[in-house]
Amino acid sequence: MTRYNPKEIEPKWQRIWDETNVYTANLQSDKPKYIAMSMFNYPSGAGIHIGHAMNYTISDVKARFKRQQGYESYHPVGWDAFGLPAENYAIKAGVSPQESMATIIPGYHRQYKAMGWSNDWEKEIATHVPEYYKWTQWIFSQMYRNGLAYQDARMQWWCDKCQTVLANEQVIDGKCWRHDGPDDPMVEKKEVKQWFFKITEYADELLEAVEGLDWTESVKLAQKNWIGKKSGIEISYEIDNANQKCNVICFTTRPDTNFGATFIVLSPEHSLAEHLANGELAANEGSDTDAIKEYIRQATAKSEVERQQEGRKKTGVFTGLYAVNQLNQKRLPIYIADFVLAGFGTGAVVGVPGHDLRDFEFAQVFDLPIERVVIGKDGDTSAITKAEQVQEESGKMINSEFLNDLDIHDATKEIMNHLEAEGWGKKVVTYRMRDWSVSRQRYWGAPIPIVNCEKCGQVLVPDEGLPVLLPELEDFKPSGDGRSALARAKDWLAVDCPECGGKAERETDTLDTYICSSWYMYRYFDPHNQEKIFDSEIVKKWEPIDFYNGADHATAHLLYARFIARFFNKIGLISEPEPFKQFLFNGKVTAKDGTMFSKSKGNGVDPLEVIESGYGADALRTYLMFAAPLEMWARWDPQGVPGTYRFLNRLWNIIYAYTETEKGASTQEVEASLLAATHKMVKKVTRDIEENRYNTAIAAIMECLNELYKLKAKSFNKSETWQQALERIVASVAPFAPHIADELWLRLGHSSSVHRDTWPKWDEKYLVSDTVNIVVQVNGKVRANISVPTDADQSAVEAAAEADPKVQEYTQQKEVHKTIYIPQKLINFVVG
RNA sequence: GGGCGAGUGGCGGAAUUGGUAUACGCGACGGACUUAAAAUCCGUUGCCUGAAUAAGGCUUGAGGGUUCGAGUCCCUCCUCGCCCACCA
């Protein structure tokens, strides 16, 4: 008998699959379509790790399952090749990113094939090739033409020594992360022009459509939170002691607490703060302009990371100004403080220290009055409780005055209506989400198809001019002036204006790689189209993506992809506004101790090593899918793969034993058991894969195999029943362990692959047996187990149960008050 | 601080609408085969009392409640994980 040797059969089948194109999807097929995919790979040079093995096996199992069920199943493959890590890797390796991709990607091909993933290689895509990024640029052009792309100057951190912009995270204690010595300068804020996509215009529809998605709940929630829609009101407060007539507008979601307002706080970036600092605006009694100036200088010099640290002691400066609260005619002193963020609401808040912890802390520092006005029916927020506690400790009076008996929600609405009716406020809706910044000052990305003409200004590159090719450079490090390396590519930079033909210069920013990855799923359906982004007819046949999974990008990528899909839908390219019908946010794989695998710790597990050590891809795949539910984080257990290897080995052995046994017939009892065991298994596996419960699907196959071994001991021979039982189990294991499945399928006498149109069906009639097991309880405790005919009625079951000696032990001399009978399951005597 | 999720054997984890808790796998132990080991195969394996494969009791983070019956439903609390966070 030949032994199970994955090292031999796996490469063999991988070769056969390649040669026979089993996994090539016919996009024109009349079969029902199915597309399952995982978020595509970012080729970094390190090769695939165990997390990739997990992700891609999940969608591969799904795609294989559907292919076996008779669907035209498509499992695409592609590379998210642009971006900073690839650029940095190339810089380190001393080659161009183009060259490094040309060597890295073929390496990934070998690894993907070694994992046995059923990718359609004919339709492979990569985002860094001109054939692809031409259309990434085209999307930018379409956004521009539809008024959804615009350029705007925003304040950015700037390090004079580096001559480059810094991200917030790179600013430490007001200094550059690379230049934080005592003699180094503080970083400055500098205005930098950036391109944006108006995703905020789609905020409402993106939010509303979340509810209807068949997505992992936590991701749906993250999407909602990210969009962060809030209804509130902007209340206008007139300033009554300024040298000019003016007012301040504050945003609040809780105007019902406004009776307790005791002050107003402006962010240091607020326009009134600016006017106070330059002396244009002052209180009639005089404002301390120097103090205001100094405070603003200090506040704006702090990094946002630093400013937004919770629990930091509140600071601020009084402006000398007072505003009037029209609800109760109280005068509110106005302060400037850095805990108020410029980017949210109006950049000014009304201080209600009785109902807001931050306001309370501020009031403590400046000794401002604290008033409580609303007590909700179901208590109030912890902020108030804490405020109260501190007040009691400090012995201050609480002015507790009930607004009314309404709950907070109703009170809020009523006050909003009142304020709006009086003309003191305006109801507004705010979003946490901002427009999508799509320009990057780096080399390795798709150039933005814009030309800056001396005469015409900003001009879009006409579609005939696409793609704007990314020039190959010797040196692709940033240019140091805040622009990408492209600023040094003089030949490339100089261009004739598409409108007037005059002297012009290309845009040197490149597009954010999130754009590349926000539309790739559609390119999979028409990867080599030179004329169009894709053929809408094919896409309309294949959209939406039936199954999508990944362990990252719960917000940004998925939100951007939804935005782009909605945009495509509006311009008539596709007919479904949502790109992903089902999304599974799967867990990651961690080290045995629960910590993340990391290169620095050197605790990584290389899937290729596991395969080559002799266990093979099938055992690895099966283990990964078996270890835990897909949405849970799994811990890597070195003993796990040997376990699934043993299981596959047992499957191998029973089939080899079968093909070497004599022809014959089994007993009726064994035949019935074979049918029952395999049909039951097929039913469970079919449902479990359908519902993404791969771990229990595999357990069911293992259980079935154990059962077959028991039956084998009773009666084993070449017969129709055994043949079918073994075919069923091989077909069921095929999505998880495709190589051994094809090998054993062949061994069972088939000439074509197990991977197409072989999924077994189950028949309920084999699942019902003549007798059924009934649990007998006395007062809820299990006392016996009886076997009764399946069609026995209650009185028959009761009689059989009462006849059981064990049951009698507990019921004799006692009165049965009640009998609970659950057909086919349980009978419970309540005695007393 | 807010939101979400999870606590079940030595370990990863099962458990349809409330109905035999611990499926399946790992590990451990015993046995077969072998000169020996590995591999493979067979058996045992929640905990406690017990000589026991007799019998009984206990058990799903803690405590209460509803019910004939609770891992599952309700209340209170504890622990851990993830995401968001000075967002007014």
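Sequence lines set the chain letters: A, B, ... in the order given, protein chains first and strands last, and positions in each chain run from 1. The model shown is predicted, which means the values in this text are computed figures rather than measured ones.
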> Do A/Asn695 and A/Met625 have side chains that approach each other closer than 4.5 Å (heavy atoms only, starting at C-beta)?
no
> Going by the rule salt bridge (Lys or Arg N to Asp or Glu O under 4.0 Å), which residues pair with A/Asp214 if we only count those two or more places apart in sequence or in a different chain?
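Salt bridge (Lys or Arg N to Asp or Glu O under 4.0 Å) check on A/Asp214 returns nothing, list empty.
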> How long is the line joining CG of A/Asp356 and P of B/G1, in whole Å?
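Rounding to the nearest Å, CG of A/Asp356 and P of B/G1 are 15 Å apart.
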> Students often get this wrong, so: under 4.0 angstrom with heavy atoms, is A/Lys806 touching a base, only sugar-phosphate, or nothing?
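Sugar-phosphate only.
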> Reckon A/Asn828 touches a base, only the sugar-phosphate, or nothing at all at heavy-atom distances under 4.0 Å?
base
> Please determine whether a side-chain nitrogen or oxygen atom of A/Lys684 lies at a distance below 4.0 Å from atom OP1 or OP2 of B/A14.
no
> Kindly label the base of B/G9 as syn or anti, based on whether its glycosidic torsion lies within 90° of 0.
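This nucleotide is in syn.
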> Does A/Thr262 have any side chain to side chain donor-acceptor pair (under 3.5 Å) partners at least two apart in sequence or in another chain, and if so, which?
none
> Please work out if A/Asn649 contacts a base, only the sugar-phosphate, or nothing of the nucleic acid, heavy-atom cut-off 4.0 Å.
sugar-phosphate
> Using the six-membered ring of A/Phe736, assess whether NZ or CZ of A/Arg621 lies under 6.0 Å from its centre and within 45 degrees of the ring axis.
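Not flagged: A/Arg621 not positioned over aromatic ring of A/Phe736.
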> Between B/U40 and B/C33, how far is it from one C1' atom to the other, in whole Å?
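Going atom to atom, C1' in each nucleotide, I get 9 Å.
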> Could one point to a donor on the side chain of A/Asn773 or the base of B/U20 with an acceptor on the other under 3.5 Å away?
yes
> Measure distances between side-chain N and O atoms of A/Lys314 and base N and O atoms of B/C86, and say whether any donor-acceptor pair falls under 3.5 Å.
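Present.
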> Using a heavy-atom cut-off of under 4.0 Å over every strand shown, decide if A/Tyr810 touches base, sugar-phosphate, or nothing.
sugar-phosphate
> Across the strands shown, which category fits A/Arg783 at heavy-atom distances under 4.0 angstrom: base, sugar-phosphate, nothing?
sugar-phosphate
> State whether A/Arg646 places a side-chain N or O below 4.0 Å from either non-bridging phosphate oxygen (OP1 or OP2) of B/G27.
yes
> So A/Tyr335 and A/Phe362, would you call those rings parallel, tilted or perpendicular, with 30° and 60° as cut-offs?
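The rings of A/Tyr335 and A/Phe362 stand perpendicular, inter-plane angle above 60°.
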> Considering only B/A88, B/G19, B/A85, which nucleotide approaches the side chain of A/Val340 most closely?
B/A88
> Starting at the 5' end of RNA chain B, what dot-bracket string do you get if Watson-Crick and G-U pairs under 3.5 Å are bracketed, crossing pairs use [ ], other-strand pairs use | and unpaired bases use dots?
(((((((..(((......[....)))((((((.......))))))((((.....))))..(((((..]....))))))))))))....
